[in-house]
Every structure is written in structure tokens, then in C-alpha cells.
Amino acid sequence: MPYALAQPVHSELIIKKSRFIGCVEAMADRAGASARVAALKAEHPGAVHVCWAFSGGGQSAAVDDGEPSGTAGRPMLEVLRHQDLEGVLATVVRYWGGTKLGAGGLVRAYTDAVAQALLKAQKVPLVKLQTLRCTVPYAFEGLLRREIEAAQAQLLEVLHGSQVELSFALPAPAAAEFVARLNDAGQGRIGWLKPQTADEPD
């Protein structure tokens with residue numbers, strides 16, 4: 001099962017006087033990741049490298065930012081994949097300590113900076129949501145809204161036409177039982193439209 005992160009978590013390592021400041025945080029997409037990295041570079045003008053890795057929504061990135069190719073971004077991305085994380089950005093800001101670490105040393109440093117942050121991170125299971133759309137007579141709108149609220153489903157859209165059309169999302173495993181309960185309560189007056197699915201954190 002894939003996981004997201006509940007909140008950003010930081011780590012800090014000192015290796016041969018080089019300072020590695022790691023962070024793992026939830027991130028929706030690669031564009032957001034790039035913006036966050038740009039902000040980090042502005043926050044740490046004295047840093048020699050801001051390396052990063054992102055995994056989420058079928059997109060991934062591994063950026064060495066001037067470190068020897070394959071010694072930073074790729075190892076960081078492998079840590080995220082190994083922990084089955086989705087929609088997560090890992091960044092490591094490096095301040096130069098005056099001693100070269102060599103390729104193996106760099107891989108270990110960047111891997112450890114991310115892994116240490118993840119040790120303290122709260123991982124949240126990603127629950128697949130199912131979006132349901134239905135039409136009901138106006139007399140049943142109140143009933144449907146109460147059922148949606150009771151099921152802790154997320155009301156997405158309400159359209160008022162000849163009937164009321166409602167769109168809402170709830171965890172996929174609960175959808176079939178919820179539909180059956182609504183059909184029973186709605187006395188056959190609920191019309192179901194084509195459903196959609198999406199991945200969202202719980």
C-alpha cells in the first residue's frame with residue numbers, strides 16, 4: 001500500500017565537516033517540488049548543493065544539482081520508492097566542509113539524510129477514493145446530504161436542474177454498501193450516473 005506523509009520532517013548530518021540538512025514532505029506534483037526547491041535555494045544562499053527527489057502521480061525526479069551524476073538525487077529517490085511513498089518530496093541542502101567524500105561517501109550521506117528524516121515521519125496510508133454522482137428529486141436532497149455527512153464522504157458538487165445532481169467521494173471499499181443503503185432509503189428514486197475514481201490521501 002502506498003503512503004503519504006502527515007507533515008514535513010527534517011534531519012541534519014555532519015560528515016567530515018560537511019553539513020547535510022534533509023527534509024521529507026508531502027508534495028502534490030513536480031511543479032510544486034520545483035517551486036519548493038527554488039525557495040530552499042533562496043533560504044540557503046551559502047549552500048553548495050540543494051539536491052532533491054520527488055515521487056508522485058506517475059511522475060518522478062532525481063536531481064544531483066552539481067554533485068557527481070547519480071550520487072544524490074537517484075539514491076534519495078530510491079529511499080522514497082523503497083518506503084512505498086507517493087506524493088513526497090525529499091530535499092537535502094549541503095554546506096561544504098572542505099573535504100571531498102568520494103562517490104560512495106556522497107551516496108551514503110544523501111541516502112542517510114533522507115532515511116533519518118523518514119525515521120521520524122508519520123506515514124499515512126493513501127486510500128483510493130471513489131467519486132459517485134447521482135440525481136434525486138428535490139424532496140430527497142436533505143436525506144442525501146445527511147447520509148453523505150453521516151458517512152463522512154466529501155461533497156464535491158451540487159447542481160440544481162429539473163432534479164438535484166450531487167457528486168461526492170468516499171473510500172472505495174465503502175462505496176458499494178453506501179450505494180445500497182441510499183437506494184433503500186431513496187425508495188428507488190435515486191438515479192446513478194457514471195462513477196469516477198481518484199487517488200487521494202485519507
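Positions are given from 1 along the sequence. Remember, it's a predicted structure, so these values are computed and weren't measured experimentally.
Looking at Thr71, its side chain never comes within 3.5 Å of a backbone N or O of Glu67 through a donor-acceptor pair. Within the 3.5 Å criterion, the main-chain N or O of Ser11 finds no donor-acceptor partner in the side chain of Gln116. Between the side chain of Ser34 and the backbone N or O of Arg30, at least one donor-acceptor pair lies under 3.5 Å. With Lys120 contributing its side chain and His10 its backbone, the two residues share a donor-acceptor pair below 3.5 Å.
The line from CD1 of Ile190 to CG of Leu143 is 6.5 Å long, rounded to the nearest 0.5 Å. The distance from the SG atom of Cys134 to the CG atom of Leu132 is 7.5 Å, given to the nearest 0.5 Å. Distance CG/Leu193 to CZ/Arg133: 5.0 Å, rounded to 0.5 Å. We find the CG-OG distance between Leu159 and Ser167 to be 6.5 Å, quoted to the nearest 0.5 Å. A distance of 4.5 Å separates CZ in Phe168 from CD1 in Ile148, rounded to the nearest 0.5 Å. Atom CG of residue Leu85 and atom CZ of residue Phe54 lie 11.5 Å apart, to the nearest 0.5 angstrom.
For Glu141 and Arg145, the salt-bridge test passes: some basic side-chain N is under 4.0 Å from an acidic carboxylate O. The pair Arg74-Asp64 does not count as a salt bridge, with every side-chain nitrogen at least 4.0 angstrom from each carboxylate oxygen.
Across all non-hydrogen atoms, the minimal contact from Val9 to Ala117 is CG1-O, 3.3 Å. What you find for Cys23 and Pro8 is that their closest heavy atoms are SG-CB, 4.4 Å. Here the closest non-hydrogen pair linking Gly73 and Ala53 is O-CB, 3.7 Å. Taking each heavy atom of Ala175 and Gln130 in turn, the nearest pair found is CB-OE1, 3.7 Å. Leu155 approaches Val158 most closely through the heavy-atom pair CD2-CG2, 3.9 Å.
In this structure, the side chains of Cys51 and Val63 stay at 4.5 Å or more apart for every pair of heavy atoms. Looking at heavy atoms from C-beta onward, Arg36 lies in side-chain contact with Leu89 at the 4.5 angstrom threshold. Contact annotation: the side chain of Val92 never approaches that of Trp52 to less than 4.5 Å [non-hydrogen atoms, C-beta and beyond]. In this structure, Gln163 and Val136 have side chains that are not in contact, with every pair of non-hydrogen atoms separated by 4.5 Å or more. You'll find the side chain of Trp96 stays beyond 4.5 Å of the side chain of Lys17, heavy atoms only. Taking 4.5 Å as the limit, some side-chain heavy atom of Val114 sits within range of a side-chain heavy atom of Val24.
The 12-atom threshold is not exceeded at CD of Glu149, counting heavy atoms of other residues, nucleotides or ligands nearer than 6.0 Å. The local environment of CZ in Arg181 is crowded, with over 12 non-hydrogen atoms from other residues, nucleotides or ligands closer than 6.0 Å. Annotation: Gln152, atom CD; neighbour count of heavy atoms from other residues, nucleotides and ligands within 6.0 Å does not exceed 12. Within 6.0 Å of atom CD in Glu43, more than 12 heavy atoms from other residues, nucleotides or ligands are found, so the atom counts as buried in its surroundings.
No continuous path of hydrophobic side-chain contacts links Met76 to Leu40 [ILVMFWY only; heavy atoms under 4.5 Å]. Both Phe178 and Phe140 are assigned to one and the same hydrophobic cluster, defined by single-linkage of ILVMFWY side chains at heavy-atom distances under 4.5 Å. Residue Leu80 is grouped with residue Leu13 when hydrophobic side chains (ILVMFWY) are merged at heavy-atom distances under 4.5 angstrom, including chains of intermediate members. Val93 is connected to Met27 through a chain of hydrophobic side-chain contacts under 4.5 Å among Ile, Leu, Val, Met, Phe, Trp and Tyr, so both are in one cluster.
If you check the side chains of Tyr95 and His49, you find no donor sitting under 3.5 Å from an acceptor. Between Arg81 and Ser55, the side chains place no donor N or O within less than 3.5 Å of an acceptor N or O (distance only, hydrogens not considered).
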Quick one, Val124 with Leu5, criterion side-chain contact (heavy atoms from CB on, under 4.5 Å). Give me CA distance, side-chain angles, the key distance, then yes/no. CA-CA 6 Å; Val124 183; Leu5 295 181; over 6 Å; no

| Going through the distances and angles, do Leu77 and Ser60 end up as a side-chain contact (heavy atoms from CB on, under 4.5 Å)? | CA-CA 8 Å; Leu77 182 61; Ser60 65; 4.2 Å; yes

Does the pair Val179 and Trp192 meet the rule for a side-chain contact (heavy atoms from CB on, under 4.5 Å), with working shown? CA-CA 9 Å; Val179 167; Trp192 294 98; 3.8 Å; yes

Next on the checklist: Please evaluate residues Asp84 and Lys123 with respect to the criterion salt bridge (charged side-chain N to carboxylate O under 4.0 Å, His left out), reporting the C-alpha separation (whole Å), side-chain torsions for both, the decisive distance (0.1 Å), and the verdict.
Outcome noted: CA-CA 10 Å; Asp84 209 7; Lys123 297 205 286 188; over 6 Å; no

(request) Report the C-alpha separation of Tyr110 and Arg94 in whole Å, then their side-chain angles, then the decisive distance to 0.1 Å, and conclude whether the side-chain contact (heavy atoms from CB on, under 4.5 Å) test is met. (result) CA-CA 9 Å; Tyr110 283 101; Arg94 182 187 181 188; 3.6 Å; yes

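Aromatic ring centres of Tyr138 and His160 lie closer together than 6.0 Å.
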